[in-house]
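Everything numeric in this text was worked out from a predicted model, so none of it was measured. A note on names: the letters A, B, ... follow the listed sequences, proteins ahead of strands, and every chain is numbered from 1. Because only heavy atoms are used, hydrogens play no part in the values below, and waters and symmetry mates are left out as well, while side chains stay in.
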Amino acid sequence: MEKISLNVNNKMVSVEVDPNTPVLWVLRDHLNLAGTKYGCGVAQCGACTIHLDGEATRSCILPVSSVGDKKITTIEGLSAQGDHPVQQAWLEHDVAQCGYCQAGQIMTAAAFLKKNPDPSDEEIVSAMNGNICRCATYMRIRQAIKTAAAAEK
Amino acid sequence: MKQVQTNLDRRSFLKASAMAGGGLMLSFSWMAGCTPAEQSSLEIPEEWFALNNYIKIGANGVVSLMSSNPEFGSGVKTSMPMILAEELDVNWKNVLVEQADFFPERYDRQFTGGSQGIRLAWKPLRKAGATARQMLKEAAAKSWGVPASEISTEKGTLIHKGSGKKAGYGEMASAAAAIPVPEEVSMKDIKDFSIISHSKKNVDGKKIVTGQPLFGIDYKVEGMLIATVIHPPFGMKIKSVDDSAVKSMPGVKEVLVIKTLESDYERNFFDTNAFNELVVVAGNSTWEVINAKKALKIEYEIAPEESFVMAGWGGKETVKVPSGLESSDGHRSKMAEMAKKNAKVLRRDGDPEGAFKKAVKVLERSYTAPYLAHNCMEPVNCFAHVTADKAELYGPIQAPEFIMRTLQARLGLPKEKINIRLARMGGGFGQRAYGHHMVEAAVISQRLNAPVKMVYTREEDMTNGIYRPTYTATYRAGLDENNNLIAFHVKGGGIPEHAVHADRFPAGAVDHYLAEGWEINSNISIGAFRAPGSNFIAGAEQSFLDEVAELAGKDPIEFRLELLDRALNNPVGKNNDYDAARYAGVLKLVREKSNWSDQQNSKGRGVAAYFCHNTYVAQVVDLRMEKNNPVVDKVIAAVDCGVVINPDAAANMGEGGIIDGIGNALFGEMTFVDGVPQKNNFHQYRMIRQKEAPTSIDVHFVSSEEDPTGLGEPLFPPVFAAVANALYSATGRRLYHQPFVNELKLSKTSL
Ligand code: FES
Ligand code: FES
């Protein structure tokens with residue numbers, strides 16, 4: 001057990017955990033931030049995607065001890081009112097079915113659009129290929145990303 | 001307007017008094033579970049007036065509608081309240097939707113599965129809405145001293161034209177709650193619908209995109225322990241558990257072995273569990289118990305043959321579970337052997353063998369498909385808090401009614417003392433109909449005397465059985481000298497069940513018809529998987545018909561339409577389980593929408609049609625090969641599900657079913673060696689991803705005033721064949737064995 005300080009959604013928090021604990025479980029079990037989801041635990045599905053200093057990162061394989069003073073952003077902190085352009089586009093296209101994968105999809109998409117604000121269809125597909133959606137809402141995910149990109153222009 | 005009797009479902013109309021306080025077991029505020037239908041902020045009234053179990057109205061006119069069915073992603077939490085709101089005649093903006101607990105005294109059929117939610121709720125929900133509207137009218141009539149028949153409603157307002165009087169529903173709600181339930185009410189004409197058939201957004205949309213806790217796995221209470229489980233390979237059981245390395249690990253509280261069902265318990269529907277004895281590690285946090293699980297030393301031994309009594313379709317059945325360690329290779333050779341033997345005749349019309357002898361051309365083909373894992377994105381989990389005199393459960397469950405009986409038997413508590421709360425499910429696909437996880441969590445909580453959230457790791461989830469069975473089917477067709485189909489034979493088998501639906505198309509369209517089935521026992525457990533049975537047999541049958549059409553020198557759509565014409569005008573036999581006109585309707589619509597007759601489009605194009613779960617679907621897939629990989633460009637679907645409640649969400653469901661079908665046709669497969677599932681996570685089990693999804697999908701609905709039917713399943717089964725037929729068109733090769741990626745010998749990395 002170790003006391004670790006983290007910057008999560010622009011707030012400093014501290015937890016006392018095994019330093020190997022993946023950030024996913026620190027968020028879910030210790031910080032009451034259950035928006036970040038567990039899907040595979042082995043970096044294969046993208047459900048646990050967060051931003052680490054703005055970079056889309058798989059929190060299920062990220063030991064909490066490796067975070068240091070990098071800033072963690074989770075789905076709960078992506079926007080103050082749930083009105084990030086990606087979130088809005090997701091609502092506009094009514095993307096979700098079960099909804100379980102969508103936090104990860106949105107976090108991946110938001111980080112991607114920040115780097116590539118005007119992506120081609122192919123770039124969208126490649127960027128999102130790591131995020132599984134068992135309900136297969138893939139068409140709407142693509143469309144929503146295009147809408148979000150257009151909205152930010 | 002159509003008059004309907006209300007008296008058939010009195011239990012939906014328990015009066016307000018019985019509702020006060022929210023009932024005996026509603027231990028937490030219902031407000032936590034309710035969501036405004038639209039992204040407006042509604043002012044929550046101080047007092048609600050319940051007009052029936054589904055509808056509450058506040059004095060300020062805000063309406064709360066209860067969504068009674070479990071939600072697993074098919075959108076019932078939005079579409080079912082839309083039906084209530086339509087007949088109640090309110091403004092959707094003023095609606096809050098609340099998720100009901102399992103409460104059979106109040107709600108009909110709280111079951112999600114079989115694509116039956118909308119079909120079976122259609123009439124009761126319309127009636128509940130119309131009844132509440134009538135009670136509001138009668139309240140206004142009393143207060144204004146005019147006949148109720150002169151009062152009309154408009155989006156939450158009561159209007160008396162003669163006197164010019166108007167009132168919001170909220171103003172009359174308290175009086176309406178005291179009005180006796182009318183014996184007869186009138187329902188709207190379909191042409192007057194302003195909510196139904198007008199797309200509404202997912203009522204949980206905002207919570208989903210902002211990461212609010214909605215799922216069982218997100219649940220947390222003070223003092224809760226986390227538990228995870230370990231199960232043996234198939235055909236084995238626990239011999240010993242060495243927890244010496246684990247007990248002292250940080251955060252670990254307890255290692256125990258639980259028995260989910262008692263040995264003498266007579267199982268119900270959906271009481272399938274692959275492993276009745278599990279090793280459990282419980283502790284303070286998920287990571288700690290997952291770590292501890294890895295350090296456990298467990299020895300397994302061969303499980304003896306076992307049999308138990310279980311409720312089946314035809315009453316009680318004795319299920320035999322054989323002993324032994326099974327492998328996919330062994331399954332294949334056993335199935336090949338069985339396919340040669342005599343099988344059970346399921347239907348025979350005319351003289352099939354005689355007709356095959358007379359036939360000028362005969363085609364025979366065999367098809368196979370492997371076991372599939374459901375792989376819901378949310379792994380199996382459940383929260384339970386069991387004390388000496390009551391039990392509280394919260395988790396993903398499609399069939400709470402069935403697991404309630406199991407819980408009663410296992411916990412020895414009456415059902416009034418067991419509360420099952422319905423979490424939003426992170427996928428279901430049939431797997432969540434099997435509520436063993438609820439019993440497991442309850443037993444763990446009882447043993448540990450603490451609130452517990454049990455969470456399976458992905459690995460435990462994927463290797464836990466309840467798989468889609470492995471299937472095979474051999475088809476034969478006989479054509480006469482004019483290329484008419486005169487004889488048809490299907491012989492299907494599977495482990496542990498076959499997928500033949502003897503009365504489905506083309507039964508009824510062929511004079512000489514034979515359907516047979518055979519089954520092989522296994523200790524690998526199976527369960528419902530999106531469109532059970534159909535998810536294999538549609539692909540086999542519709543691939544075969546494509547090949548028969550080719551042999552007959554006919555266009556594949558024209559060939560099917562000819563058969564449907566026969567079934568419509570001069571059907572063979574009586575029990576034909578489809579409406580030939582509606583079947584033909586979707587084929588014609590897909591032909592038109594895909595420009596089928598344009599020969600320029602024909603390369604890489606395949607068609608298929610199927611009817612299951614009360615809905616008709618036809619699909620055309622366009623694909624091309626790129627470096628030996630199939631690239632699906634376009635899928636066009638035509639669907640007849642009667643009235644479409646929520647069109648945009650219906651299209652979403654259709655797109656999902658189609659992509660899921662493409663994924664499973666190309667990649668889906670679970671294999672076994674000595675009882676051990678050979679895939680335990682997504683690095684091994686290939687799921688369809690963004691890159692393999694089609695470039696576009698168009699779902700077209702037949703415009704219809706027929707009562708609505710479901711959409712969760714019907715778009716899934718035919719895609720398998722549409723893909724196979726398109727691959728044939730693109731490559732000149734027919735594919736018979738799923739997953740097609742193996743048959744195409746594609747390099748897995750290049751796809
Ligand atoms: S849970 Fe992290 S990638 Fe799947
Ligand atoms: S919406 Fe269900 S997994 Fe993506």
Side-chain angles (χ1 to χ4, degrees), chain A residues 1 17-18 20-22 24-26 28-30 32-42 44-45 47 74-76 78-79 82 84 86-88 90-92 94-103 106 121 124-142, chain B residues 39 71-75 199 201-202 204-206 208-215 217-218 220 226 250-251 285-288 290-291 375-379 424-429 455 457-458 648-649 652-653 655-660 663 681-683 687-691 693-697:
Chain A
M1 291 288 162
V17 292
D18 169 354
N20 292 320
T21 309
L24 170 66
W25 298 115
V26 174
R28 291 185 58 83
D29 282 355
H30 303 276
N32 280 333
L33 293 168
T36 306
K37 293 293 189 267
Y38 167 60
C40 67
V42 293
Q44 290 290 319
C45 75
T74 71
I75 187 74
E76 292 92 341
L78 184 62
S79 61
H84 186 282
V86 172
Q87 288 168 316
Q88 295 211 313
W90 243 250
L91 291 174
E92 188 181 327
D94 213 12
V95 173
Q97 285 185 27
C98 80
Y100 193 80
C101 73
Q102 301 297 350
I106 289 168
D121 291 3
I124 293 174
V125 163
S126 296
M128 301 307 295
N129 205 50
N131 288 69
I132 297 174
C133 175
R134 175 66 183 87
C135 302
T137 61
Y138 296 126
M139 313 304 292
R140 284 165 193 254
I141 289 169
R142 283 180 212 163
Chain B
Q39 305 312 325
E71 174 64 275
F72 69 178
S74 62
S199 297
K201 307 266 191 242
N202 187 334
D204 277 340
K206 181 91 188 237
I208 290 168
V209 304
T210 52
Q212 299 309 299
L214 280 170
F215 302 92
I217 203 169
D218 300 339
K220 199 170 189 180
I226 306 276
S285 74
T286 319
W287 176 247
E288 286 166 325
I290 291 178
N291 260 341
N375 296 337
C376 299
M377 284 311 289
E378 178 190 26
R424 188 179 184 89
M425 288 174 260
F429 305 100
V455 180
T457 59
R458 172 58 58 194
D648 188 46
N652 192 353
M653 192 51 27
E655 292 158 20
I658 287 167
I659 300 174
D660 190 10
N681 209 323
F682 297 124
H683 62 299
M687 307 289 287
I688 192 165
R689 290 173 182 267
Q690 232 354 305
K691 276 188 184 162
T695 310
S696 77
I697 298 179

> So, the side chain of Tyr38(A) versus the backbone of Ile217(B): is there a donor-acceptor pair under 3.5 Å, distance only?
Replying inline: no
> Between Gly82(A), Gly130(A), Gly39(A), Gly41(A), which has the largest tally of heavy atom pairs under 4.5 Å with chain B?
Replying inline: Gly39(A)
> Quick one: of Ser74(B), Gly663(B), Gly211(B), Gly75(B), who has the most non-hydrogen atom pairs under 4.5 Å with chain A?
Replying inline: Gly211(B)
>> Which atoms of Asn129(A) are under 4.5 Å from chain B, going by heavy atoms: the side chain, the backbone, both sets, or neither?
In response: both
> chain A heavy atoms under 4.5 Å from Thr457(B): which part of the residue, side chain, backbone, both or neither?
Replying inline: both
> Would you say Lys220(B)'s side chain and Asp29(A)'s backbone share a donor-acceptor pair under 3.5 angstrom?
Replying inline: yes
> Heavy-atom distance under 4.5 Å between the side chains of Trp25(A) and Ser285(B), does that happen here?
Replying inline: no
> Could you state the interatomic distance from CG (Asn131(A)) to CD (Gln690(B)), rounded to the nearest 0.5 Å?
Replying inline: 8.5 Å
>> If we define contacts as heavy-atom pairs under 4.5 Å, which of Arg424(B), Glu71(B), Gln212(B), Met687(B) has the most with chain A?
In response: Arg424(B)
>> My understanding is that only residues two or more places apart in sequence, or in another chain, count here; which of them pass side chain to side chain donor-acceptor pair (under 3.5 Å) with Asn681(B)?
In response: Glu459(B)
> For chain B, which of Cys101(A), Cys133(A), Ala103(A), Ala96(A) has the most heavy-atom pairs under 4.5 Å?
Replying inline: Ala96(A)
>> Minimum heavy-atom separation for Met425(B) and Cys98(A), please, with both atom names.
In response: O-CB, 3.4 Å
> For Val17(A), is it the side chain, the backbone, both, or neither that has a heavy atom closer than 4.5 Å to a heavy atom of chain B?
Replying inline: neither
> What closest approach, in Å, do Pro694(B) and Arg142(A) show between heavy atoms, and which atom pair accounts for it?
Replying inline: O-NH1, 2.8 Å
> With a 4.5 angstrom heavy-atom cut-off, which part of Ile290(B) approaches chain A: side chain, backbone, both or neither?
Replying inline: side chain
> Contact part of Glu288(B) toward chain A, heavy-atom cut-off under 4.5 Å: side chain, backbone, both or neither?
Replying inline: side chain
> Checking heavy atoms, do the side chain of His30(A), its backbone, both or neither come under 4.5 Å from chain B?
Replying inline: both
> Taking side chain as C-beta onward, heavy atoms only, is Met377(B) less than 4.5 Å from Ile132(A)?
Replying inline: yes
> Which pair of heavy atoms, one from Val209(B) and one from Trp90(A), lies closest together, and at what distance?
Replying inline: CG1-CB, 3.7 Å
> Which pair of heavy atoms, one from Asp18(A) and one from Asn291(B), lies closest together, and at what distance?
Replying inline: OD2-ND2, 4.3 Å
> Is there a donor-acceptor pair under 3.5 Å between the side chain of Asn202(B) and the backbone N or O of Asp94(A)?
Replying inline: no
> With respect to chain B, which residue among Gln88(A), Gln44(A), Glu76(A), Gln102(A) yields the maximal number of heavy-atom pairs within a distance under 4.5 Å?
Replying inline: Gln44(A)
> Where does Phe72(B) contact chain A at under 4.5 Å (heavy atoms): side chain, backbone, both or neither?
Replying inline: backbone
>> Tell me which of these, Met128(A), Arg140(A), Gln87(A), has more heavy-atom pairs under 4.5 Å with chain B than the rest.
In response: Arg140(A)
> Can you tell if the side chain of Arg28(A) reaches within under 4.5 Å of the side chain of Thr286(B), non-hydrogen atoms only?
Replying inline: no
> Looking only at heavy atoms, what is the nearest atom pair of Asp218(B) and Lys37(A), with distance?
Replying inline: OD2-NZ, 3.1 Å
> By salt bridge (charged side-chain N to carboxylate O under 4.0 Å, His left out), which residues pair with Arg134(A), not counting sequence neighbours?
Replying inline: Asp660(B)
>> If you define the side chain from C-beta out and look only at heavy atoms, does anything of Ile659(B) sit under 4.5 Å from Met139(A)?
In response: yes
>> At a 4.5 Å cut-off on heavy atoms, which part of Thr36(A) comes close to chain B: side chain, backbone, both, or neither?
In response: neither
> Given that the side chain runs from C-beta out, which part of Asp121(A) has a heavy atom under 4.5 Å from chain B: side chain, backbone, both or neither?
Replying inline: neither
> Just how far is it from atom SG of Cys45(A) to atom CZ of Arg458(B), taken to the nearest 0.5 Å?
Replying inline: 7.0 Å
> At a heavy-atom separation under 4.5 Å, does Glu92(A) approach chain B through its side chain, its backbone, both, or neither?
Replying inline: backbone
